[in-house]
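Heads up, the thing below is written out as structure tokens.
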Amino acid sequence: GGFRKELVSRLLNLHFRDQKTKVSRDALQLMVEFLRIFVVEAAVRGVRQAQAEDLDIVDVEQLEKVLPQLLLDF
Amino acid sequence: KNGFLSEEEFSLWNRLYRLRDSDKIKEITLPPVHFPSLEDEESRTTQEPTMGAHQLSLSEWRLWQDHPFPTHQVDHSDRCHQFVNIMQVIEGMRHEEDECSYELELKPYLKMEDVI
Amino acid sequence: QRLKAAVHYTMGCLCNEVALDKEVQFSKQTIAAISEVTFQQ
């Protein structure tokens, strides 16, 4: 699992103000890995919160609890 | 190859992950953050949640932010620790009756000539 | 929308890996929420 570099490339280009901006292969690879780490960190922190509440299913509530600190950490 | 989903992936997404009108929560949004104290009421454009949409809230569980949550591969940033400290100070102030410990702590350093 | 669907699908795959590893489940809404947050980040 993980982001495809073509998808990340499209996401980055979506946000570039100057369409002539180019992304090097290394920078793209780094962004792919960064997004994967962000998502896994969000998911695992959600899991930890659900486990702390003895829940088998991670729901939006558990994610909302860890979200402020997650966003501050990235 | 173009970054989009293949036929097969699209049908998997459609079946496993896509939120439907029949779901209790049909859409998830993360509204832009604004500071009430920095803007006057008129200028703040608030997006009313559409029916069935859940707006993720960063303040819903603010009382829980007085301790750092467990992390996985990425530790807490300094900013996060500062945030948790501030939430602890606010939590402490909430339970104070007459005196304000924060004020008592700072008062010895107050020199009115600095203020005037 | 096609980009969002691709991001959302990728979320689903990653969350499923974590779910298998941690022996929990993620509600559809949670995967959509992580997707929305990631898309905005």
Side-chain angles (χ1 to χ4, degrees), chain A residues 1-19 21-23 27-74, chain C:
Chain A
F3 284 82
R4 283 203 198 106
K5 56 183 186 317
E6 293 83 2
L7 172 58
V8 174
S9 175
R10 279 186 179 277
L11 283 170
L12 288 174
N13 280 288
L14 192 71
H15 290 86
F16 287 147
R17 284 200 198 91
D18 181 349
Q19 291 312 308
T21 307
K22 293 274 180 280
V23 181
L28 186 60
Q29 192 57 43
L30 185 65
M31 198 63 194
V32 166
E33 183 59 12
F34 172 78
L35 282 172
R36 190 192 67 76
I37 288 172
F38 177 80
V39 173
V40 169
E41 189 73 21
V44 172
R45 289 190 191 188
V47 167
R48 292 269 171 80
Q49 185 51 34
Q51 286 167 340
E53 299 178 30
D54 287 330
L55 298 170
D56 293 329
I57 291 184
V58 183
D59 214 339
V60 176
E61 183 182 314
Q62 283 73 56
L63 184 69
E64 270 183 332
K65 283 169 184 168
V66 301
L67 193 57
Q69 296 188 21
L70 177 78
L71 294 180
L72 282 169
D73 290 336
F74 277 82
Chain C
Q1 286 304 319
R2 285 176 69 191
L3 263 183
K4 270 200 161 184
V7 172
H8 196 178
Y9 175 83
T10 308
M11 290 304 119
C13 296
L14 285 169
C15 286
N16 273 345
E17 276 184 30
V18 172
L20 284 173
D21 181 43
K22 305 293 180 191
E23 295 175 358
V24 289
Q25 289 177 51
F26 285 89
S27 71
K28 239 182 13 173
Q29 286 73 17
T30 306
I31 294 176
I34 295 177
S35 174
E36 180 61 17
V37 170
T38 305
F39 197 80
Q40 291 224 7
Q41 285 304 299

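Chain identifiers are assigned alphabetically (A, B, ...) following the order of the sequence lines, protein sequences preceding nucleic acid strands; residue numbering begins at 1 within each chain. Please read these numbers as outputs of a predicted model, since none were measured by experiment.
The parts of A/I57 that come within reach of chain C are both its backbone and its side chain, each placing non-hydrogen atoms under 4.5 angstrom from that chain. Proximity to chain C (any heavy atom under 4.5 Å) is restricted, for A/F38, to the side chain, taken from C-beta onward. Contacts of C/V18 with chain A are made by side-chain atoms alone, with heavy-atom separations under 4.5 Å and no backbone atom involved. There is no contact between A/E61 and chain C, counting heavy-atom distances below 4.5 Å. Contacts of C/L3 with chain A are made by both backbone and side-chain atoms, with heavy-atom separations under 4.5 Å. Both the backbone and the side chain of A/D59 come within contact range of chain C, with heavy atoms under 4.5 Å apart. Contact of A/L71 with chain C is made through the side chain alone, with heavy-atom distances under 4.5 Å.
Side chain of C/T10 to main chain of A/G2: no donor-acceptor pair is present (N/O by atom type, distance under 3.5 Å, no hydrogens or angles).
In terms of heavy atoms, A/V58 sits closest to C/T30 at O-OG1, 2.8 Å.
For the options A/L70, A/L11, A/L55, heavy-atom pairs under 4.5 Å to chain C are most numerous at A/L11.
For residues 9-41 of chain C, the set of pairs meeting the ring-ring contact (aromatic ring centres under 6.0 Å, His included) definition, not counting sequence neighbours, is empty. Here side chain to side chain donor-acceptor pair (under 3.5 Å) pairs that include residues 14-26 of chain C, with residues two or more places apart or in two chains, are B/Y17-C/N16.
Rounding to the nearest 0.5 angstrom, the gap separating the CG atom in C/L14 from the CD1 atom in A/I37 is 11.5 Å.
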